[in-house]
Structures are given as structure tokens and as C-alpha cells.
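Heads up, the thing below is written out as C-alpha cells.
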Amino acid sequence: FGRLKQGLSRSTGRLTDGLTGLFTKRKLDDEALEELEEALITADLGVSAAGRIVENFRKSRFGKEVTDQEVKEALAAEIGAILAPVARPLEIDTSRKPHVVLVVGVNGTGKTTTIAKLGQQWSEAGQKVTFVAGDTFRAAAVEQLQIWGSRTGCDVVAPAKQGADAAGLAFDALKQAQERQTDILLVDTAGRLHNKSALMEELRKVVRVMQRVDPTAPHSVLLVLDATTGQNATQQCKVFAEMVNVTGLVVTKLDGSAKGGIVVALAQEFGLPVHAVGVGEKAADLRPFSARDFSRSLLG
Ligand code: GDP
């Protein structure tokens, strides 16, 4: 089982690497099930989803002789069943002017890029979209969003000076968006997780202050998670869900050497909708999340 060992030696392995050669005409006994469970955990599926899948295998196939191909097909079905309930597109309430989307997540996960990608999609669909550069302390983040604004044809509301109050900025941006009948307001936020209580206070203040303009805002709270960070993404989801009312996820960096197993762990653990996945650095690199396609690609 050299390939399995190879998979286990990495912190985040690809599921197919861990499975290839594992079930070449092999009886599905306790040992085989245990190895399967380890391969699933190594591929970032998490203890809970791995346990659920292995239990279902035990019930349906224990003691039977199985092949790699059979195991892969059965796994694709199991993973598809975990993912199906969370594969839901982000719905925009067009009666809202604007529909406010608050975008949260740790720095570097891809918040700004995801805002650009969503902005491009929606403006191409004829919506009037404005970005709010709410990560006011990072000059680079503000600049980046301004560049994306000009590339995607979306307006950008930026702070007058570095470190300006993010809540005040969001308040002004929302008022202006109402006056201009903007369809969608995408609000970028800070992501300094090393100071958790300060970040929570800032995010909650942004929400509170926007609600003075529109008591129903924000209409969506998107958490952006980086798939390459493996189980850290699970931890981030837990922390952000405690801070704000997260309504859905975007999982980024699923291109390249991406693992993707983390999406299964997230679905199993939180049950939050996965609206889209990031597959590159360009504005066009956002895909709707499909449970069937995703589970298939996971098993390569
Ligand atoms: P933020 O700090 O959360 O706003 O993160 P950024 O949007 O600035 O993204 C951080 C880095 O990740 C940038 O270099 C992006 O180009 C890159 N990035 C974002 N999304 C993706 C993705 O889906 N795939 C890849 N390969 N890179 C991405």
C-alpha cells in the first residue's frame, strides 16, 4: 500500500492518491475499512464525514470482495449525498435596492478576489454593483479592490484615509446605494483573526450600523475559505459563525494542487450552503458548486 503511505505522509493529500491500489480485489474487512477511513481523513474529509462513509460501507459491503473502481463509485455516491444538500447558488433578492452581501474571512483566503468575481458575474448579468473597501487598515486591500472595480466596471466606495472607521464607510455606502438604486452592494471586511475579539467587534459594528439604514441588511453573509489550508478552514468556519450570522460559503483555490476534501468536511460539520468555488486568480474563475461534479472530480 505504498500509495496510501505516500498519501498519509502529507498533511493534505489527494483522495485518489490515498485510494489507488488500496482495493485491488480485496475483502472489505476491518483492516481495509480502517485504511479507507485513514485515507479519507488524510484527504481532509474530516473525522465525522470519514466515519459516516465508513459506517455506510460496513453496513452495505462488509466481508465482500471489492475493487478500486467499485469503491470509488460508492465513495462518489456517498460524498455526493453529503454535498447535495449544501450545493445551493447564492440568491439575490432583486426587490432589495441594494441587496447587501457582507464578505468575511481571514486575510489571504481570497475575499477581495471573490468580490471581483461575483461583481463581474452580476454586472455582466446587467446588475448595478458597488464594492465597499471595508478592510480600511490595509492600503493594499483598498487599492486592489479599486483595480478590480475598474476592471469589472463596478463602482468602488473607498475610505478617505487609511484606517477610517469601517462601519462608518459601510453606512455611507449603503445610503448612497439606496439613493442610486444600486442592485447589489458587496462589502469587503477586515480579516485579522489574530485579534479575534477586536475583529468580532468590528464586524458586528458594521452589521449594526448598516441596519440603521436598512434593518434587513446584510441579506447575505459570505464566508470565504481557502481550500489549501485544510482543517484550518473548518476552524475558521467555526470562529466566524460565532462572530456573525454566516449564510453561505465560497471555497477558493480549488485549482492547481487543490484537494477539495475539506469541502466535504465543511458540509458534514456545518451544513452551510456552498455557493461557489474559486478556481483561479482571474475574475472569470468562479464556478457554481455542483455536488455531482465535485464528488466525481474528487475521485479523479
Ligand atoms: P483577501 O486578503 O482575503 O482579500 O485575499 P485576496 O483576494 O487578496 O487573495 C489572496 C491571494 O489568493 C491572491 O494572490 C489571489 O490572487 C489568490 N486567489 C484568490 N482566489 C483564488 C483562487 O480561487 N485560486 C487561486 N489559485 N488563487 C486565488
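Ligands are counted one by one from 1 in listed order, and the atoms in each one are counted from 1 as well.
- With respect to Asp183 and Lys97, a salt bridge is recorded, a charged nitrogen being found less than 4.0 Å from a carboxylate O.
- Contact analysis puts Lys253 in contact with ligand 1, with a non-hydrogen atom separation below 4.0 angstrom.
- Heavy atoms from both the backbone and the side chain of Thr112 come within less than 4.0 Å of ligand 1.
- A distance-only check finds a donor-acceptor pair linking the side chain of Lys111 to the backbone of Gly105 [under 3.5 Å].
- For the pair Arg138 and ligand 1, the shortest N or O to N or O distance falls below 3.5 Å.
- Between Val106 and ligand 1 there is a heavy-atom distance shorter than 4.0 Å.
- By the 4.0 Å heavy-atom criterion, Ala141 is excluded from the residues contacting ligand 1.
- A salt bridge links Asp135 with Arg138; the closest basic N to acidic carboxylate O contact falls under 4.0 Å.
- Ionic pairing of Lys238 and Glu269 is not present here: no N-O contact between side-chain nitrogen and carboxylate oxygen is shorter than 4.0 angstrom.
- The closest approach between a heavy atom of Lys282 and any atom of ligand 1 is not below 4.0 Å.
- In this structure, Phe131 and Thr112 have side chains that are not in contact, with every pair of non-hydrogen atoms separated by 4.5 Å or more.
- Between Arg296 and Glu73 there is no salt bridge, since no side-chain N of the basic residue sits under 4.0 Å from a carboxylate O of the acidic one.
- Distances between N or O atoms of Asp285 and those of ligand 1 include no value under 3.5 Å.
- The residues Arg96 and Asp93 are annotated as salt-bridged, a charged nitrogen and a carboxylate oxygen being separated by less than 4.0 angstrom.
- Every atom of ligand 1 is numbered from 1 in the order shown, and the set under 4.0 Å from a heavy atom of Asn107 is 2 (O).
- Within 6.0 Å of the CZ atom in Arg58, the count of heavy atoms belonging to other residues, nucleotides or ligands exceeds 12.
- Comment: Lys205 does not engage Glu202 in a salt bridge, judged by the lack of any side-chain N to carboxylate O separation of less than 4.0 angstrom.
- Distance from atom 5 (O) of ligand 1 to its nearest protein heavy atom, with residue and atom name: Gly110 N, 3.1 Å.
- Between Glu281 and ligand 1, at least one N/O pair is under 3.5 Å apart.
- Close approach of ligand 1 to Lys117 is summarised as follows: ligand atoms under 4.0 Å from at least one heavy atom of the residue are 20 (N), 22 (C), 23 (O).
- With ligand atoms numbered from 1 in the order given, ligand 1 contributes 23 (O) to contacts under 4.0 Å with heavy atoms of Val279.
- If you number the atoms of ligand 1 from 1 as listed, the ones under 4.0 Å from a heavy atom of Lys111 come out as 1 (P), 3 (O), 4 (O), 5 (O), 7 (O).
- From the protein, the heavy atom lying nearest to atom 7 (O) of ligand 1 is Thr113 OG1, 2.6 Å.
- Each of the following atoms of ligand 1 lies closer than 4.0 Å to a heavy atom of Gly278: 23 (O).
- Residue Gln146 qualifies as enclosed at atom CD: its count of foreign heavy atoms under 6.0 Å is above 12.
- Residue-to-ligand polar distances place Gly108 within reach of ligand 1: an N/O pair is separated by less than 3.5 Å.
- Under the 4.5 Å side-chain contact rule for hydrophobic residues, Val250 and Val100 do not share a cluster.
- Ligand 1 has at least one atom lying under 4.0 Å from a heavy atom of Gly280.
- In this structure, atom 24 (N) of ligand 1 lies nearest to the protein heavy atom Asp255 OD1, 2.9 Å.
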